[in-house]
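Note sheet for the following structure.
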Protein chains: 2
Amino acid sequence: MSLDHILLGLLRQPASGYDLKAIFDQHMHYIWAAELSQIYPTLQRLEDKGWLRSRSADSKRGPARRVYEITPAGRKALREWLEMTPQLGQERNAALAQLYFLSELADLAKTERYFVRMREQLSDRLQALQRFDRLWSEADPSYPERLPSADFHIYLTLRKGLHSLGGLVAWCDESLRMIRARAEREKAADVRPVKKTR
Amino acid sequence: MSLDHILLGLLRQPASGYDLKAIFDQHMHYIWAAELSQIYPTLQRLEDKGWLRSRSADSKRGPARRVYEITPAGRKALREWLEMTPQLGQERNAALAQLYFLSELADLAKTERYFVRMREQLSDRLQALQRFDRLWSEADPSYPERLPSADFHIYLTLRKGLHSLGGLVAWCDESLRMIRARAEREKAADVRPVKKTR
DNA sequence: TATTACATGTAAGGGGTTACATGATTTA
DNA sequence: TAAATCATGTAACCCCTTACATGTAATA
């Protein structure tokens, strides 16, 4: 049901399916992903439901655009969703599941590689958010304390990304320290007995 | 594909579908969720594929248990999955989407309520993890530095939970401070003009 | 001339949830 | 005697992804 309500939220401003895809990719990628093949039928369904209305508009190239907009009934549904308690979903973290079983490989160097890669991916994302944060703060004198309400709420979602990615990068660093200390101990425990038994 | 490999990982120890459900709920809830209605057909499919084998075993009450176990081919598939780069999925965070649009309600008290509830849910989870962490550390003298390899990897997944939940609770606290400061300013800006225009 | 961007869709299939069906044994 | 636990499964449905179909206009 979440995609429905996200589309309602975005369609407080009129937009086509194609436009919405661009918004998902450019501005909401750290919150929700959606493909065009899911967006188009969802828009039709929401229009059938009376939560959206659409009109045809011509485009410069390609077929005519279908531009959707929220209706009063849609706005009511959106507000009801927003009044709900925060919708925390179940965890489904494949990367964490890999780590859970990674001792199967019986090779600490593989675990170290896992964290090196993980850290790279996370810190790329973190740096992108930090860059966005910096550009915003430089461009907008009201940032962050006196932002208009809509921007302030978006700013809070940005802070979430910075906090949780920051925490995860710190986790990687801590883990790498522990893994390397363990590797040292393994090496020491491995070499000495061999020498002794010779 | 992740559930397949998680089941392979768990079935290095023999277990029935019913047992696996209990493991998901009790030990893997912060990593992955699965329902019995998904587990049973998946086990059959993995057996057809040659990654699992099963035998019938009688139970004290209810129908006979079907106990599954990984095969050498399954272990190969598991290891290949573990060698893959960490499988970070796309974000799909409904609660964050709610916050993104929450200015629609035009009521900072609603935003404050959102964070109060969010903080409750997160700190419940955090406290459960902290409690588990504490009990483990008290029960196991090898904790955490000299844990056996399998336990050490599970410990690292636990640290992830502590880091990211800790970061999120800090985010809630920071947000609540900012929201309350904003509410103060709103009140000040609201009351004075009214008095003036009278 | 080939690729990219614009623009809308359908079809097939995978992954997951909710509800239903069945029935024995233990506990309250 | 009713409820909870043990135990296995099927059916219908929803959400999402990948692949396919179609065509125009600008850009490299």
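Letters go in sequence order (proteins before strands), and every chain restarts at 1.
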Q) Does any N or O donor sit under 3.5 Å from an N or O acceptor when you compare the side chain of A:Ser37 with the base of D:dT18? A)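 By the distance-only test, yes, there is a pair.
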
Checking contacts here: which listed nucleotide ([options]) is nearest the side-chain heavy atoms of [X]?
X       : options               : result
B:Tyr68 : C:dG16, D:dG9, D:dA7  : D:dG9
B:Arg45 : C:dT8, C:dG15, D:dC16 : C:dG15
B:Arg61 : C:dA5, C:dT26, C:dG16 : C:dT26

Q. Can A:Glu83 and B:Lys110 be counted as an ion pair, charged N to O under 4.0 angstrom?
A.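 Salt bridge present between A:Glu83 and B:Lys110.
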
Q. Is any NZ, NE, NH1 or NH2 atom of the basic residue among A:Arg119 and A:Asp173 found under 4.0 Å from an Asp or Glu carboxylate oxygen of the other?
A.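 Between A:Asp173 and A:Arg119 there is a salt bridge, with a charged N closer than 4.0 Å to a carboxylate O.
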
Hey, is the side chain of [X] poking within less than 4.0 Å of OP1 or OP2 on [N], counting only N and O atoms?
X       : N      : value
A:Gln90 : C:dT17 : yes
B:Arg92 : D:dT17 : yes
A:Ser59 : C:dA7  : yes
B:Ser16 : D:dT8  : yes
A:Gln38 : D:dT18 : no

(Q) If you assign B:Pro41 and B:Asp19 each to the DNA chain D nucleotide with the nearest heavy atom, which residue ends up on the more 5' nucleotide? (A)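 With B:Pro41 and B:Asp19 compared, the 5'-side residue is B:Asp19.
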
**Q.** 5'-most by nearest nucleotide on DNA chain D - A:Glu35 or B:Ala64
**A.**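 The residue whose closest nucleotide sits nearer the 5' end is B:Ala64.
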
Q: Could you check B:Met1 against A:Tyr40 and say which one's nearest nucleotide on DNA chain C is further toward the 5' end?
A: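 Upstream on the strand: A:Tyr40.
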
Between [atom2] on [N] and [atom1] on [X], what's the gap in Å once rounded to a whole number?
X       : N      : atom1 : atom2 : answer
B:Leu43 : C:dG16 : CG    : P     : 14 Å
B:His5  : C:dG14 : NE2   : C1'   : 15 Å
A:Ile39 : D:dT17 : CD1   : C1'   : 13 Å
A:Lys21 : C:dC6  : NZ    : C1'   : 15 Å
A:Asp25 : C:dT4  : CG    : P     : 17 Å
A:Arg65 : C:dT8  : CZ    : P     : 6 Å
A:Leu3  : D:dC15 : CG    : C1'   : 9 Å
B:Leu36 : D:dC6  : CG    : C1'   : 11 Å

Q) Side-chain donor-acceptor pair under 3.5 Å between A:Thr85 and B:Tyr114, yes or no? A)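 The criterion, which ignores hydrogens and geometry beyond distance, is not satisfied for B:Tyr114 and A:Thr85.
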
Q. Should the pair B:Trp171 and B:Phe115 be assigned to parallel (<30°), tilted (30 to 60°) or perpendicular (>60°) ring geometry?
A.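 Perpendicular, since the angle between the ring planes exceeds 60°.
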
Q) Can you find a pair of side-chain heavy atoms, one from B:Arg12 and one from B:Arg75, that are under 4.5 Å apart? A)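 B:Arg12 reaches B:Arg75 side chain to side chain.
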
